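Just below is one structure, and these are the notes that go with it.
Note that the structure is a prediction, hence the values are computed from the model and not measured.
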Amino acid sequence: MKYIFITFSGLGLPIAYKLHQQGFEVMVGVIQNISDYVMEGEIAKETDFNRKRRLQLFQGMMPLEDAHAVIEKMKKIENPDEWFIFFEENNLFRWADQIKDLGFHGNFPTRDDFLFEVDRDRAKQFVKEHYPKLYTPEILEFKKVEEGITFLKDSKDIWVLKGQHDSAMTYVPSNDDPELANNQITEILTNFPDKYERLGYILERFIPSIIELTPEKYYYDGVPIATSVLFENKSFGSGNISVQTGCSEDLVFPTDMEERLNKIAFPPIVDEMAKEHKGWFIWDASILVSKKDGKMYFGEFCSNRPGYNCLFTEMAQCGSPNAFFENIVKKKNPFTVGTVASSVRIFNMNQDEEDESVSSDILINYKPEIEKDVWMWDVRRNEHGNLVSVGTDWNLAIITGAGKSINEAINKLYRNVDAFAFLGAYYRPKDDYLSMDYTSSIINRVNYGVERGLYRLPFEVLIGDINATV
């Protein structure tokens with residue numbers, strides 16, 4: 001198989017780089033201008049400084065081309081069935097539309113896929129019509145920060161802040177007093193108005209004592225081929241405190257398609273939608289379970305968009321990215337039931353003294369034997385041939401570890417972390433990963449799903465022994 005990647009922010013480039021290292025033919029098309037990336041009606045904003053750094057990602061590590069040039073090359077390829085094209089985000093549907101009918105393998109996001117993720121009213125109505133076992137939390141939508149601030153002043157409830165644009169972070173209040181919690185959200189809206197007014201934002205009524213599970217289903221050309229369940233901690237700090245990240249750490253394992261959780265998460269309409277999609281189609285729906293009353297709530301859809309860290313964690317179970325993609329194209333389950341994988345994100349906490357931007361040109365070192373489990377993001381090769389940080393943001397790398405049990409996967413993960421060196425790095429530690437001292441810990445959520453009969457663990461471990469065996 002040969003590979004083509006279309007990217008703006010570099011989310012999929014760790015996969016492209018691994019394939020390139022392993023000798024596969026890889027073309028990478030980088031979207032040069034933000035105007036070719038943002039949605040219709042959205043103001044395109046990217047400073048010269050940020051653009052310069054973004055375009056440095058993976059420089060000196062593999063060939064990079066203008067995305068427009070790659071699309072034109074694709075139109076002239078005589079054997080498109082030998083190629084797999086990867087679109088890293090579902091908002092790249094305008095690029096996918098240009099080549100989706102040319103005979104390539106790959107994932108081809110659509111405008112509808114994108115809207116399922118960002119149009120909360122549409123998603124909420126879809127859940128009401130097709131997900132009889134899920135409740136929908138109350139959601140209020142706003143365009144201007146002042147509107148939300150005014151509402152919060154008089155509210156007696158606690159709310160979760162969710163920006164519609166990727167740059168606007170989700171914030172779950174850390175305080176259970178409504179006045180103090182809503183003051184935290186007001187502070188964020190006041191300090192980052194441009195991010196939240198870019199595409200608007202929502203306030204979602206906070207559900208206490210939440211257990212979050214994210215089941216996922218893979219299809220190829222409409223044929224269901226695999227299901228898995230993801231447990232991720234998005235909070236920056238141990239104990240799930242502080243600001244939200246894309247994903248600070250996670251655990252993923254494949255499940256049987258007939259599990260109760262999959263029956264809830266993937267009603268018949270999902271299979272029908274998959275048949276309308278060419279190539280690789282992904283559907284996941286996060287489910288929020290209240291420990292207080294056992295009710296299950298809809299969280300959000302990530303329609304036809306890989307999750308990060310999740311995709312790297314899943315690939316860690318499959319031997320290599322090529323093995324993963326080859327099996328998917330053959331409509332085979334890429335996972336082996338009975339395996340499990342984990343990951344942790346490495347953050348670059350260094351800041352330049354002059355402008356407080358994330359520091360660039362800091363050396364990245366790791367032992368060669370962990371190469372398979374290192375997924376670098378913010379990286380380039382300098383004039384001396386060394387790997388260094390670029391400073392696009394604080395997301396430096398993902399480290400993974402896989403095995404045939406949770407303890408094997410986590411032990412391997414943190415052995416790999418110990419073999420990775422970066423000055424000023426932060427990551428959530430092993431004792432936090434294994435903690436059972438707070439409700440939303442990964443281990444507690446794995447246990448809860450088993451106790452509720454949502455799925456069976458596909459490996460040998462007793463619920464009460466998970467922590468003890470690691």
Side-chain angles (χ1 to χ4, degrees), residues 9 34-35 37-47 50 89-91 93 111-129 131 134-208 210 212 234-236 240-246 285-286 288 290 295 297-303 305 393:
S9 53
I34 194 171
S35 58
Y37 171 73
V38 298
M39 298 301 99
E40 313 95 280
E42 184 183 350
I43 298 174
K45 290 183 178 181
E46 185 179 36
T47 66
N50 288 341
E89 299 175 84
N90 57 20
N91 65 343
F93 61 84
R111 178 182 174 82
D112 274 352
D113 295 330
F114 173 70
L115 291 177
F116 262 114
E117 187 164 355
V118 300
D119 188 337
R120 305 284 178 167
D121 282 340
R122 177 180 182 176
K124 188 176 180 179
Q125 186 58 39
F126 185 82
V127 170
K128 287 182 177 179
E129 292 178 7
Y131 284 78
L134 297 187
Y135 294 84
T136 53
E138 182 180 356
I139 291 175
L140 303 174
E141 296 194 32
F142 300 92
K143 295 295 184 184
K144 299 292 183 181
V145 297
E146 285 302 324
E147 298 169 355
I149 291 172
T150 299
F151 169 79
L152 290 169
K153 284 180 181 178
D154 299 322
S155 177
K156 304 300 181 184
D157 297 307
I158 298 176
W159 300 84
V160 175
L161 173 64
K162 295 184 177 182
Q164 301 282 35
H165 192 270
D166 286 344
S167 65
M169 67 178 182
T170 295
Y171 184 76
V172 181
S174 58
N175 197 288
D176 58 6
D177 179 276
E179 181 180 356
L180 295 177
N182 291 339
N183 283 344
Q184 290 178 320
I185 293 179
T186 296
E187 187 70 12
I188 294 173
L189 292 173
T190 301
N191 282 283
F192 304 101
D194 289 345
K195 292 183 177 182
Y196 288 95
E197 290 184 351
R198 190 164 176 177
L199 288 177
Y201 61 97
I202 68 166
L203 294 177
E204 180 178 292
R205 189 185 295 277
F206 176 70
I207 304 168
I210 277 296
E212 182 174 3
K234 291 187 176 183
S235 296
F236 178 72
N240 282 342
I241 62 172
S242 191
V243 297
Q244 298 271 295
T245 68
S286 63
L288 313 176
S290 171
K295 289 183 177 179
Y297 293 84
F298 163 70
E300 63 182 1
F301 291 126
C302 290
S303 174
R305 176 180 69 79
D393 61 29

Closer than 3.5 angstrom, by distance alone: can the side chain of [X] be matched with the main-chain N or O of [Y] as a donor-acceptor pair?
X: Ser155; Y: Phe151; value: no
X: Gln164; Y: Val118; value: yes
X: Tyr201; Y: Gly148; value: yes
X: Thr245; Y: Phe236; value: no
X: Asn90; Y: Ser303; value: yes
X: Glu197; Y: Val145; value: yes
X: Asn182; Y: Pro178; value: yes

### Message
Could you check whether atom CZ of Phe192 has more than 12 heavy atoms from other residues, nucleotides or ligands sitting under 6.0 Å from it?
### Response
no
#### Entry: Over 12 non-hydrogen atoms of neighbours within 6.0 angstrom of CD in Glu138
yes
Rounded to the nearest 0.5 Å, how far apart are [atom1] of [X] and [atom2] of [Y]?
X: Tyr196; Y: Ile188; atom1: OH; atom2: CD1; value: 5.0 Å
X: Leu152; Y: Asp157; atom1: CG; atom2: CG; value: 10.5 Å
X: Tyr171; Y: Ser235; atom1: OH; atom2: OG; value: 9.0 Å
X: Ile158; Y: Arg205; atom1: CD1; atom2: CZ; value: 10.5 Å
X: Glu212; Y: Glu300; atom1: CD; atom2: CD; value: 7.5 Å
X: Asn91; Y: Leu115; atom1: CG; atom2: CG; value: 11.0 Å

### Task
Verify side-chain contact (heavy atoms from CB on, under 4.5 Å) between Trp159 and Leu140, making sure each step is shown before the conclusion.
CA-CA 10 Å; Trp159 300 84; Leu140 303 174; 3.8 Å; yes
### Query
So, Phe298 versus Tyr131, ring centres under 6.0 angstrom or not?
no
### Query
Taking only residues two or more places apart in sequence or in another chain, which ones pass side chain to side chain donor-acceptor pair (under 3.5 Å) with Thr136?
none
### Message
Under the criterion side-chain contact (heavy atoms from CB on, under 4.5 Å), I'd like the reasoning laid out for Glu46 against Tyr37: C-alpha separation, chi angles, the key distance, then a yes or no.
### Response
CA-CA 11 Å; Glu46 185 179 36; Tyr37 171 73; over 6 Å; no
### Query
Do Ile139 and Lys162 come within less than 4.5 Å of each other through their side chains, counting heavy atoms only?
no
#### Entry: Asn175 and Gln184: side chain donor to acceptor below 3.5 Å
no
### Stepwise side-chain contact (heavy atoms from CB on, under 4.5 Å) test for Leu203 and Leu161
CA-CA 5 Å; Leu203 294 177; Leu161 173 64; 4.0 Å; yes
#### Entry: With Lys153 via side chain to side chain contact (heavy atoms under 4.5 Å, CB included) - residues at least two apart
Ile149
### Query
Hey, mind stepping through Lys234 and Thr170 against side-chain contact (heavy atoms from CB on, under 4.5 Å) and telling me if it holds?
CA-CA 9 Å; Lys234 291 187 176 183; Thr170 295; over 6 Å; no
